[in-house]
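Quick notes on the structure that follows.
Below, read A as the first sequence line, B as the second, and so on, with proteins coming before strands; counting in each chain starts at 1. Computation of the quantities below employed the complete heavy-atom set of this structure, encompassing side-chain atoms and omitting hydrogens, waters and symmetry-equivalent molecules.
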Amino acid sequence: MTIVADAPRPTPNGSDRIPAPPGTARLTRASAPDLARHLTDYGDLPPATGSAALLETLRAAGLEGRGGAGFPAWRKLAALPSPPRTGRARPVVIGNAAEGEPLSLKDATLLRTAPHLVLDGLLTVAAAVGAAEVYLYAPAALLPYLGRALVERTDAGGVQLHAAAESFISGEASAVVNALAGGPAVPRDRSIRLTSSGLGGRPTLLHNIETLAQIALIVRFGPAWFRSVGTDTDSGTRLVTVSRGLAAAGVSTRASVAGADTCVPRAGRGSPLRQQSGTDAGSIRGATGTVLEVVGGSRIDEVLRFAGVDPDTVEAVLVGGYHGAWLPSPQLHTALDRAGLAPFGASPGAGILLALEVGRCPLTLAAAIADYLAGQSARQCGPCVNGLPAMATVLGRLAAGDRDPRLPGEVARLAALVAGRGSCHHPDGTARFVLSTLTVFEADVVAHLDGTCAKAHA
Amino acid sequence: VSARILAATGRRAAAGRSADPVLHIDWTACDGRGLCTELLPDLLQRDDWGYPLARGAGVTAPGAAANVPGGTTTVPRNGTTVAVPIDGSTVPVPGSLRAAAGDAISLCPRLALSFHEP
């Protein structure tokens, strides 16, 4: 294997090399979004390398994709057809900031605070693979930030901005490709890989924008630096979004939710993780959640404390977003990484934690989320179009106080029926969430069937 | 026979590889007409809404967590049990049903079926 040197690289203008960020405020080290401050904070982007060298660098770093699936970043490079990539074989590279998940704010935050890191990563990958076309796909509201960043640079003329659709599945890889091709942002049948034939039939490489920003740091400071924090299996740092309550869940419940749920968590003071994360810059408050940069393998309860949420006030945490799974309060010492979460059927996903406060009825929240997810079907695949509303309706009956003892079994049957039967993972993820709800909150299910649930249902 | 030639030329068909092929369902094309379930009754049944459902898939085991998507389940096949992924989009086809599966691919009015080599 190629040894990837961490030695200083010459910079084009011969200026002094910026030292690697010493703490764990890396992506959140950006002090301002403009190019001058970006260069002061991070230094110049090193000269482009070839695809094979970038692949080895990313493999050495152990960077996993930050969009949700957690696919190793180097594997996508490896999946492209072998060089020479000329003519129709020249790839398309896409930076994906669609972030359709309402509980996730980290990509929007990153684009606002460090757009040049994202562009650096995008241009690094595009140069390495000899891309024919380069796109950045982001919500329309964020395009002005990107437009300002693009005009500051001389090397980003080839980057095309494209407004992302406003839907839960808009960021699914094949939906992004469809949208860029001028069609609706709905997934394609997954029989053909995008890395073989994607946009316009070209091999297509799509990365989440946090992944790209991490790549921008890795090519500057090296894989050994990247791995110097985190764990062997979850190296580096990751952005997370922590929120709590029903309103933060981004779904409407039948009863309107009082203001108590809309409070914005504040960054913790003096918590263990804050010290790990370096400076206050490691915390950025969003509209309904807190975006944090945490080291890989951090404990979930420590991440909650860092976000200003007292774990003792939490009954359970939904990990990985609406397609994720619940961890009950006795398990909150679990690490927020793939290995730690596997026993719960969960994964870090896009770094999303939703805290359910003690005294709130989990079934009411879960039914509202299931309802939302059913409405977000792309309406292409029969089992999803029909099965998700059916599942959400039965869960809703259970949450609303229907004491028919067959309801939990029917929810589980429908969940198993829809799983894996769609062109994207929307039915699978929805089934995972619903089954996790039935399993983790079994006592609440019993209380509902007995008519004894005393928790708040609004 | 002509249908099978069509399958071999028009779409990815069983190309004589040694391993059992996998029948892939393109859910964006399928609208549940049910022809495949008639041609492959041992492999496919219809779900609540008429869409093809692999026999053995979508069955709720005791303890819902056991059926969390991404796992595997065991299904009876040819007098024994085999492990298959809980993924109703790709259905393993035993060799004895390969010809019938080729017919289903050829005759699907929505062109929603194809063979995938596992």
With a 4.5 Å cut-off on heavy-atom pairs, point out which of B:D48, B:D31, B:I25 contacts chain A the most. B:D48
Using 4.0 Å as the upper bound for N to carboxylate O, is an ion pair formed by B:D26 and A:R188? no
What part of A:P408 lies closer than 4.5 angstrom to a heavy atom of chain B: side chain, backbone, both or neither? neither
Quick check: are there more than 12 heavy atoms from other residues, nucleotides or ligands sitting under 6.0 Å from CZ of A:R193? no
Just so I understand: if I count every heavy-atom pair under 4.5 Å between each of A:P187, A:P383, A:S423 and chain B, which residue has the most? A:P383
Below 30° counts as parallel, above 60° as perpendicular, anything between as tilted: where do the rings of A:F168 and A:H426 land? tilted
Has the side chain of B:H24 got a donor or acceptor atom that lies under 3.5 Å from a matching backbone atom of B:T90? no
A:A390, part contacting chain B, at a heavy-atom distance under 4.5 Å: side chain
